[in-house]
Protein chains: 2
Amino acid sequence: MRNKKRAVTIQDVAKAAGVSVSTVSRVLNEKVDVAQDTQERILDVIKQLGYTSNLAARSMRGRHSHLIGLIIPDIGFPYSIEIMKGVNQAIAQSDFGLMVYTTGDIQKNATASLEQHYVSLLNNSITDGVIIVAPIAQDFYSDGPIVSVDPHKMKPNFPSVHANNYEGARQAIKYLIELGHTRIGFIAGRPELESAERRLRGYRDTLVEFGLPLDESLIVQGDFTQKIAVGCAHQLLTMENRPTAIFAGNDQSAIGVYEAAEELGFDIPGDLSVVGFDNIPEAGYLNLTTIDQFLTDMGRVATEMLIQLINQKPLETLTYRMQTELIIRGSCSPIFQEALHETKSAL
Amino acid sequence: MRNKKRAVTIQDVAKAAGVSVSTVSRVLNEKVDVAQDTQERILDVIKQLGYTSNLAARSMRGRHSHLIGLIIPDIGFPYSIEIMKGVNQAIAQSDFGLMVYTTGDIQKNATASLEQHYVSLLNNSITDGVIIVAPIAQDFYSDGPIVSVDPHKMKPNFPSVHANNYEGARQAIKYLIELGHTRIGFIAGRPELESAERRLRGYRDTLVEFGLPLDESLIVQGDFTQKIAVGCAHQLLTMENRPTAIFAGNDQSAIGVYEAAEELGFDIPGDLSVVGFDNIPEAGYLNLTTIDQFLTDMGRVATEMLIQLINQKPLETLTYRMQTELIIRGSCSPIFQEALHETKSAL
DNA sequence: TTGAAAGCGCTAACAG
DNA sequence: CTGTTAGCGCTTTCAA
């Protein structure tokens with residue numbers, strides 16, 4: 001017995017209250033120049049009729065909707081979920097609502113022009129500003145402000161929060177070396193991505209730093225997908241002098257490594273150490289992860305940045321580079337100092 | 001260097017292509033009555049100008065937006081996340097986009113009238129239909145279809161996907177009994193909620209079924225919050241003949257039980273077995289959970305139902321009651337290992 | 001095959 | 001303090 005009744009409009013409210021639509025609009029927008037009793041009467045009618053203002057109409061006409069958009073490839077991913085948690089935290093403490101937009105498929109999101117499309121879709125209509133996660137695009141046209149989390153391009157033309165991929169990889173490799181590993185495999189990511197390139201550089205530099213030999217056959221080209229990573233891991237694990245540890249590139253690749261290890265009868269972590277990146281492991285799933293609370297922090301900081309932007313409070317710095325320790329380059333506004341401090345002390 | 005340029009409208013496209021807005025609108029909506037070359041020219045201009053149609057304006061005028069709304073209290077919750085994953089799966093296989101709406105705060109969502117507000121907000125404007133998670137309301141007014149996941153009311157006046165709370169509780173209690181427990185505490189949920197009532201009934205019936213005494217002092221009134229559960233657990237654990245196991249009502253309550261157990265110096269699961277409900281535990285966090293993949297399935301099924309409704313394909317059944325499976329996760333005391341093992345292999 | 005024009009529900013001048 | 005009115009960008013008759 002679902003009600004299909006035509007939605008009640010501001011017109012209906014006006015009629016029922018015996019006033020004009022503009023008067024109703026006034027009380028809706030909390031303008032001051034309305035008589036006390038008129039206002040009360042209208043509020044009553046609104047409650048009575050169960051009126052909810054039409055979001056589409058309102059954002060078409062008015063200045064802001066108090067809505068923030070989050071454009072995220074696939075909300076089922078651990079990576080996305082952790083970022084969403086952070087956004088959520090910041091939203092909870094603000095008076096903004098959150099619209100998460102997703103196509104449900106990470107593949108569909110993979111072009112710059114589609115990214116632009118989503119940004120326009122939200123920011124030119126119903127949202128006051130947008131957070132976009134892991135964009136490929138270098139630039140966006142938009143009516144409202146944009147902040148990106150973990151963009152693939154190194155120096156995007158919009159405010160952004162970056163993972164410190166280089167330092168993260170260094171820490172991961174350092175960890176493996178300290179475990180006693182001397183032959184560490186590396187599954188590289190898509191070479192056109194900044195993140196992949198910097199992780200690889202972190203790998204090389206750390207080996208050199210610790211005086212370990214740089215065996216190029218230990219570096220195989222992956223593409224951040226599970227499928228390809230299975231093959232890469234096979235290649236590494238069946239070579240003559242096999243590595244005892246593998247840096248898996250990212251979370252998807254790590255899953256691939258596990259798959260391959262299982263096929264080949266390797267025990268993890270007994271026979272093989274695996275390091276992921278970007279991943280939030282299930283219990284016992286990976287035996288090391290480099291990012292955790294960190295992703296949440298990225299989401300939170302990005303949201304706080306966006307709210308500042310929407311409220312026209314200019315940011316002193318538009319790029320934040322975050323690490324397992326939040327690393328901030330250049331000067332920044334007080335609110336982010338605090339985030340920095342919190343995160344550091346939480347670790 | 002962010003672009004603040006005014007968004008390009010259908011007017012701009014029309015002007016640039018030397019046609020009227022209606023013609024542009026026609027190609028946008030894939031009407032057939034447009035000349036081949038006109039269409040191509042317009043499509044070209046659209047690409048050139050980077051035009052994206054205004055979502056607000058379009059959904060104000062047109063019939064559908066190909067957007068599904070998901071109203072969910074707090075996207076940071078494991079409960080919400082699992083459901084979202086399922087929705088996401090279904091969305092990925094459809095040609096709908098997904099808008100997740102949240103206020104970021106589970107508290108703000110807790111009244112029927114607010115729920116109605118969110119439904120109207122989305123369904124009277126930008127979405128073609130809405131999925132609402134765990135609503136309290138019995139009924140909704142809405143322009144578009146609604147499907148609810150895990151509603152609190154037993155027989156809501158809209159299509160819904162229910163957890164089988166009764167059977168879930170029975171399985172949990174049965175599991176505890178099979179572990180050898182004879183005194184099992186029960187922290188009840190908010191009595192006005194169907195879910196709470198059915199879980200309690202499952203508890204009682206199972207004890208009776210196994211010939212165990214029904215000690216009313218083992219049932220304490222909680223409200224599905226962590227805070228209150230701490231007190232409940234205290235009460236249970238400090239009574240003369242204390243229970244050796246506790247059914248914690250829901251995930252929040254389970255956290256409360258853990259908190260109390262820790263305060264009192266109890267070891268879980270050494271001294272005490274705890275069963276949660278609704279929860280996805282972190283590693284070793286709870287030693288038993290009833291729901292996992294199940295929540296994801298609920299989300300997926302709800303989305304599939306909604307899409308059917310939007311496409312005007314009538315559903316044969318408007319209520320799906322889904323079976324809860326008992327899934328054991330995390331640590332468990334050695335004396336229970338055997339039973340744990342059996343249960344696992346049964347799945 | 002196309003254009004002109006009427007509105008969708010709302011806000012923001014501008015009058016009164 | 002309140003009403004009238006002009007659009008926001010779009011879809012959809014209705015004519016041409």
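In what follows, chains carry the letters A, B, and so on, assigned in the order in which the sequence lines appear, proteins first and then strands, with residues in each chain numbered from 1.
- Between Asp297(B) and Arg300(B) there is a salt bridge, since a side-chain N of the basic residue sits under 4.0 Å from a carboxylate O of the acidic one.
- Using a distance-only test at 3.5 Å, with no hydrogens or angles considered, a donor-acceptor pair links the side chain of Thr303(A) to the main chain of Gly299(A).
- Listed for the Ser125(A) side chain is a donor-acceptor partner under 3.5 Å among the backbone atoms of Leu121(A).
- Atom CD of Gln39(A) and atom P of dC1(D) are 11 Å apart (whole Å).
- Nearest nucleotide to the Ala35(A) side chain, out of dT2(D), dT1(C), dC8(C): dT2(D).
- The nearest whole Å value for the distance from the CE atom in Met60(B) to the C1' atom in dG7(C) is 9 Å.
- In this structure, Leu55(B) atom CG and dC8(D) atom P are separated by 19 Å, rounded to whole Å.
- Taking atom NZ of residue Lys15(A) and atom C1' of nucleotide dG3(D), one finds them 15 Å apart after rounding to whole Å.
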Where do N or O atoms of nucleotides 12-16 of chain C meet protein N or O atoms at under 3.5 Å, pair by pair?
none

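- Using a 4.0 Å heavy-atom distance criterion, Ser53(A) is classed as a sugar-phosphate-only contact.
- The nearest pair of heavy atoms linking Asn123(A) to Asp128(A) is OD1-C, 3.8 Å.
- Within the 4.5 Å cutoff, no side-chain heavy atoms of Leu306(A) are placed close to those of Ile146(A).
- Between the CD1 atom of Ile10(A) and the P atom of dC8(C) there is a distance of 14 Å, given to the nearest Å.
- Taking a 4.0 Å limit (strictly below) on heavy-atom distances, residues 119-127 of chain A does not reach DNA chain D anywhere.
- Going from atom CD1 of Ile46(A) over to atom C1' of dC10(C) covers 13 Å, rounded to whole Å.
- For the pair Ser20(B) and dT2(C), the criterion of a side-chain N or O lying under 4.0 Å from OP1 or OP2 is not met.
- Looking at Ser59(A), its side chain does come within 3.5 Å of a backbone N or O of Leu55(A) through a donor-acceptor pair.
- In this entry the distance linking CZ of Arg58(A) with C1' of dC10(C) reads 9 Å, nearest Å.
- Following rounding to the nearest Å, Arg41(A) (CZ) and dC1(D) (P) show an atom-to-atom distance of 14 Å.
- For the pair Thr38(B) and dT2(C), the criterion of a side-chain N or O lying under 4.0 Å from OP1 or OP2 is met.
- Here the side chains of Val27(B) and Leu43(B) are in contact, with some heavy-atom distance below 4.5 Å.
- Closest to the side chain of Thr23(B), from the set dC10(C), dG3(C), dG9(D), is dG3(C).
- Closest approach of Ile126(B) to Ile126(A), counting heavy atoms only: CD1-CD1, 3.5 Å.
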Assess the residue pair Ile132(B) and Tyr101(B) against the criterion (side chain to side chain contact (heavy atoms under 4.5 Å, CB included)); give the C-alpha distance rounded to whole Å, side-chain angles, the decisive distance to 0.1 Å, and a yes or no.
CA-CA 10 Å; Ile132(B) 181 162; Tyr101(B) 183 74; over 6 Å; no
